[in-house]
Amino acid sequence: MQPIRTRFAPSPTGFLHVGGIRTALFAWLVARQSGGQFVLRFEDTDQKREVAGARQHLIDSLRALGLVYDEGPDIGGAYAPYVQSQRLDHYRIWAQRLIDAGRAYADPYSSAEVDAFRQQARTDKQAFLYRHHRPEQPPVWDGSQPLRFRSEPQPYKWHDEVMGDLSTGAEVIDDFVLIKSDGFPTYNFAHIVDDAEMHIDLIIRGQEFLASVPNYLNLYEALELTPPRMATVPHILGPDGNKKLSKRDGAKDVLDYLRDGFHPDALINFIASLGWNDATEQEIFSRQQLIDSFALDHVQRSGARFDERRLEWMNGSYLRSLAPGDIYTFCQDFWPVEALESSDDYKRQVLSLVQERLKFGAELPELTRFFFVDLPLNPELISGHKQLKKLSTDELRTLLLSAQSSLSQSDFSVDDLSARLNHLLEISGQKPAVLFSLIRIATTQAAASPGLADTLAVLGPERSLRRLQAQLDALTDLN
RNA sequence: GGCCUCAUCGUCUAACGGUUAGGACACCAGGUUCUCAUCCUGGCAAUUGGAGUUCGAUUCUCCAUGAGGUCACCA
């Protein structure tokens, strides 16, 4: 396989959401798979839309997900700079070539005049084409007017790595703006120059650019450039709508997912599988497996909905597979505040019990708080229990007293606790649903917890017996 | 309105003319001595509609419908 150079070229106008990440991921996968390079480039030609901090945010997001780029704004490379606002001289040179060849001209109209043309087209229920108003004797371009491309409309057929063979008629080709009156190039012009100069082999981008491709092809011809291969990926849709995923649809910053305790590998796996699969029934892919098996022609042509529940399942699957040391490291920032004073050893024991029920890191506090602090007694856990609510207070006390006397003799190893709990089951004649539930509730005051013997063993004798006593006291007060 | 693209279970998808239309998530039921979860077993559930082509269409063609994109001195 020939090495393929790909790029991710976001504009620093906001945070990076899953749609953007997916484009970056696919480009990264192709580069890694082929032994090529993955390039990051900032397309910051619209100063008005720039958002403070967005550049660093993009870099942080890619880093956090492990989408390491080989060349980019902050690390340089053979074709630096990788920031369009620092490449204006490059665009000037290519623009001059077009002017000299008679393929670019100054736009003499005011924006109000162009708007009027546009309005007329709308009234006539037609697509707006500037070239219908192309001036016969345009003024010499002095940089104060927009510079427009003099297109040569014709039909095009081309191949898209994802969408397949595409074609359009000449009616979609227009004289678009190359350089704005503020001196900055448009995306339409700048990306073509940059991709050519940076020797990008394959462009992967969202479907919002699909309609512009014929114009690009026309410009490539005027520039005497061979177009790179192109791949168009459909948008990721919101969870309940059909709209393109946006912040108000619940699209979150990928860093938010990381902050909530989603594992980068799981996030990568999930986003890759959103619209792509290798035609097998495999669902979980390691990073290397993704690199090995990814193929653009297996990317879905229709948009996919973002299903957070599936992400949670996948993340849980990843967390369960982590080795004890790795899950411990992963969870470091998610412990409840009450765990602050606890030893590493104790926290490791707790984690070994809750690892299999953790879907993402931010769930850790609610799952583990009772291991670190005595929760307030919650009478509803008993009064609302379908078995326990049938028992009298005296019966509950009797059961707890026998549990107390047996457990106080225990060394609190899991084996001994299990043996004693089984014995209690026999002598009390109660079902596990009654006896174990009661002891579990008394010692955790939590709606859910890991297995009883395991939980007691981690809690230890002091905490367990104290909580048993507290439950007894509460039941006594009721009498 | 013009142009382009898309269309399989609720969701993500497999089946590149022949399958009882497969898998996963979610959901439901049962099992794993208690809860929650894991794990196991089972269940529910789809080819947008209509014409063609063909011995045979999820698959090819056309039309309809629906959805998305685009028609910026934004990317």
Side-chain angles (χ1 to χ4, degrees), chain A residues 9-11 13 43-46 48-49 107 111 114-115 118 121-130 145-148 160 163-164 166-169 171-172 174 176-182 184-188 190-191 205-214 232 234-235 237 239-240 242-244 270 273-284 298 300-314 316-317 320 353-359 367 381 385 387-388 418 421-422 425 431-441 444 446-452 455:
Chain A
S11 61
T13 53
E43 312 229 314
D44 60 340
T45 55
D46 187 352
K48 301 180 293 292
R49 293 209 314 154
D107 176 351
S111 53
V114 177
D115 276 344
R118 207 189 323 276
R122 184 188 302 246
T123 310
D124 297 343
K125 294 191 181 295
Q126 300 210 318
F128 170 64
L129 282 175
Y130 179 94
Q145 319 96 325
L147 182 71
R148 281 190 186 264
D160 185 285
M163 304 303 284
L166 302 173
S167 61
T168 53
E171 70 278 2
V172 302
D174 197 16
F176 59 91
V177 172
L178 300 168
I179 295 188
K180 299 179 278 183
S181 56
D182 65 4
F184 284 85
T186 59
Y187 164 85
N188 300 139
H191 89 272
R205 57 188 156 196
Q207 64 171 269
E208 67 269 30
F209 296 105
L210 197 53
S212 302
V213 168
T232 302
H235 287 139
L237 312 172
D240 32 52
N242 294 316
K243 298 261 174 60
K244 176 182 167 185
F270 176 74
S273 68
L274 212 52
W276 169 85
N277 76 89
D278 69 345
T280 70
E281 291 181 352
Q282 184 171 352
E283 307 281 346
I284 305 292
H298 271 79
Q300 199 79 1
R301 293 178 196 183
S302 56
R305 263 186 206 76
F306 186 89
D307 184 0
E308 210 160 301
R309 288 177 305 181
R310 189 174 159 84
L311 172 60
E312 288 183 3
W313 161 76
M314 191 170 279
S317 166
R320 264 173 258 129
L353 297 190
V354 301
Q355 178 174 8
E356 71 180 22
R357 53 205 85 201
L358 197 60
K359 289 200 291 293
L367 254 32
L381 289 175
H385 189 104
Q387 311 267 2
L388 294 179
S418 297
L421 289 170
N422 282 333
L425 222 43
K431 292 181 295 188
V434 171
L435 181 70
F436 289 0
S437 291
L438 180 60
I439 300 174
R440 196 188 66 74
I441 288 167
T444 65
S449 67
L452 185 52
T455 301

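Numbered from 1 within each chain, the chains take letters A, B, ... in sequence-line order. Computation of the quantities below employed the complete heavy-atom set of this structure, encompassing side-chain atoms and omitting hydrogens, waters and symmetry-equivalent molecules. Quick caveat: nothing in here was measured; it's all calculated off a predicted structure.
In this structure, A/Asn277 does not reach the B/U13 phosphate: none of its side-chain N or O atoms is under 4.0 Å from OP1 or OP2. Phosphate proximity of B/C27 to A/Arg309: absent, as no side-chain N or O sits under 4.0 Å from OP1 or OP2. Put simply, A/Lys180 has no side-chain N or O that comes within less than 4.0 Å of OP1 or OP2 on B/A72. Neither OP1 nor OP2 of B/A24 sits under 4.0 Å from any side-chain N or O of A/Arg310.
Distance, A/Arg301 CZ to B/G69 P: 19 Å, rounded to whole Å. Taking atom CD1 on A/Ile439 and atom C1' on B/U33, their separation rounds to 13 Å, with Å as the unit. If you measure from atom CE of A/Met314 to atom C1' of B/G23, you get 13 Å, rounded to the nearest angstrom. One atom, CE of A/Met163, and another, C1' of B/G68, lie 10 Å apart when rounded to the nearest Å. The distance between atom CD of A/Glu208 and atom P of B/C71, rounded to the nearest whole Å, is 10 Å. Atom CG in A/Leu367 sits about 8 Å away from atom C1' in B/A37, given to the nearest Å. Between the P atom of B/U33 and the CZ atom of A/Arg440 lies a distance of 16 Å, rounded to the nearest Å. Between the CH2 atom of A/Trp276 and the P atom of B/A14 there is a distance of 11 Å, rounded to whole Å.
In terms of position along RNA chain B, the nucleotide closest to A/Lys125 lies nearer the 5' end than the nucleotide closest to the other residue of the pair A/Lys125 and A/His298. Between A/Glu283 and A/Asp115, the residue whose closest nucleotide on RNA chain B is further toward the 5' end is A/Glu283.
A gap of 35 Å separates the P atoms of B/C27 and B/U70, to the nearest Å. Across B/U13 and B/A21, the matching C1' atoms stand 13 Å from one another, rounded to whole Å. Between the P atoms of B/G69 and B/U59, the separation comes to 27 Å (whole Å). Of the C1' atoms belonging to B/U38 and B/G68, the separation is 40 Å, rounded to the nearest Å. Here, B/A57 and B/G49 have their C1' atoms 16 Å apart, quoted to the whole Å. Straight-line distance between the P atoms of B/A26 and B/C40: roughly 13 Å, to the nearest whole Å.
Across all strands, A/Gln300 comes closer than 4.0 Å only to sugar-phosphate atoms, never to a base (heavy-atom distances). Backbone-only contact: A/Ser167 has heavy atoms under 4.0 Å from sugar-phosphate atoms and none from a base. Within 4.0 Å (heavy atoms only), A/Pro234 reaches no atom of the nucleic acid at all. No contact: A/Gly169 has no heavy atom under 4.0 Å from any strand. If you check every strand for non-hydrogen atoms under 4.0 Å, A/Phe184 touches nothing. Using a 4.0 Å heavy-atom criterion, one finds that A/Arg49 contacts the bases of the nucleic acid, with or without backbone contacts as well. Using a 4.0 Å heavy-atom criterion, one finds that A/Asn422 contacts the bases of the nucleic acid, with or without backbone contacts as well. Using a 4.0 Å heavy-atom cutoff across all strands shown, A/Leu425 reaches at least one base atom of the nucleic acid. Residue contacts shown for A/Thr45 are limited to sugar-phosphate atoms, with no base heavy atom under 4.0 Å away. Nucleic acid contact class of A/Ser181 (heavy atoms, under 4.0 Å, all strands): base. A/Arg122 comes within contact range of no nucleotide atom at all, as no heavy-atom separation falls under 4.0 Å. Residue contacts shown for A/Ser273 are limited to sugar-phosphate atoms, with no base heavy atom under 4.0 Å away. When heavy atoms are screened at a 4.0 angstrom cut-off, A/Glu43 is found touching the sugar-phosphate backbone but no base atom. Within the 4.0 angstrom heavy-atom criterion, only backbone atoms of the sugar-phosphate kind lie near A/Leu274; the bases stay farther away.
For A/Trp313, the listed nucleotide lying nearest its side chain is B/A26; candidates were B/C73, B/A26, B/A15. Candidate nucleotides B/C71, B/U38, B/C36 were compared by shortest atom distance to the side chain of A/Glu356, and B/U38 ranks first. Considering only side-chain atoms of A/Phe128, the nucleotide from B/C12, B/A72, B/C4 that sits closest is B/A72. Residue A/Ser437 places its side chain closer to B/C34 than to any other of B/C73, B/U11, B/C34. Ranking B/U5, B/C39, B/A14 by closeness to the A/Ala279 side chain, first place goes to B/A14. Counting only heavy atoms from C-beta on, A/Ser111 has its side chain closest to B/C73 among B/A24, B/U13, B/C73. Relative to the side chain of A/Asp307, the nucleotides B/G69, B/U11, B/A24 differ in distance, and B/U11 lies closest. Among B/C73, B/G10, B/U35, the nucleotide with an atom closest to any side-chain atom of A/Arg118 is B/C73. Considering only the side chain of A/Lys48, B/C74 comes nearest among B/U33, B/C74, B/C12. Checking B/C71, B/C4, B/C12 against the side-chain heavy atoms of A/Ala127 singles out B/C71 as nearest.
Using a cutoff of 4.0 Å between basic side-chain nitrogens and carboxylate oxygens, A/Glu283 and A/Arg310 are scored as salt-bridged.
Judged by distance alone, with hydrogens and angles left aside, A/Arg357 brings a side-chain donor or acceptor within reach of the base of B/C36, the pair sitting under 3.5 Å.
Taking every heavy atom of both residues into account, A/His235 and A/Gln207 meet most closely at N-NE2, 3.3 Å. Smallest separation of non-hydrogen atoms from A/Ala433 and A/Gln387: CB-NE2, 4.1 Å.
Between the NE2 atom in A/His298 and the CG atom in A/Asn277 there is a gap of 6.5 Å [rounded to 0.5 Å]. Atom CG of A/Leu381 and atom CG of A/Leu438 lie 11.0 Å apart (nearest 0.5 Å).
A side-chain donor-acceptor contact under 3.5 Å links A/Asp307 to the backbone of A/Arg309. Looking only at distances, a side-chain donor or acceptor of A/Thr455 sits under 3.5 Å from a matching main-chain atom of A/Pro450.
Within 6.0 Å of CZ on A/Arg122 lie no more than 12 heavy atoms contributed by other residues, nucleotides or ligands.
Taking the ring centroids of A/Phe270 and A/Phe306, they lie under the 6.0 Å cut-off.
Nucleotide B/U8 forms no Watson-Crick or G-U wobble pair with any nucleotide shown, as no partner meets the under 3.5 Å limit on both distances. Look at B/C27: its Watson-Crick or wobble partner, with both distances under 3.5 angstrom, is B/G43. Pair assignment for B/U70 gives B/G2, based on Watson-Crick or G-U wobble hydrogen-bonding distances that are each under 3.5 Å.
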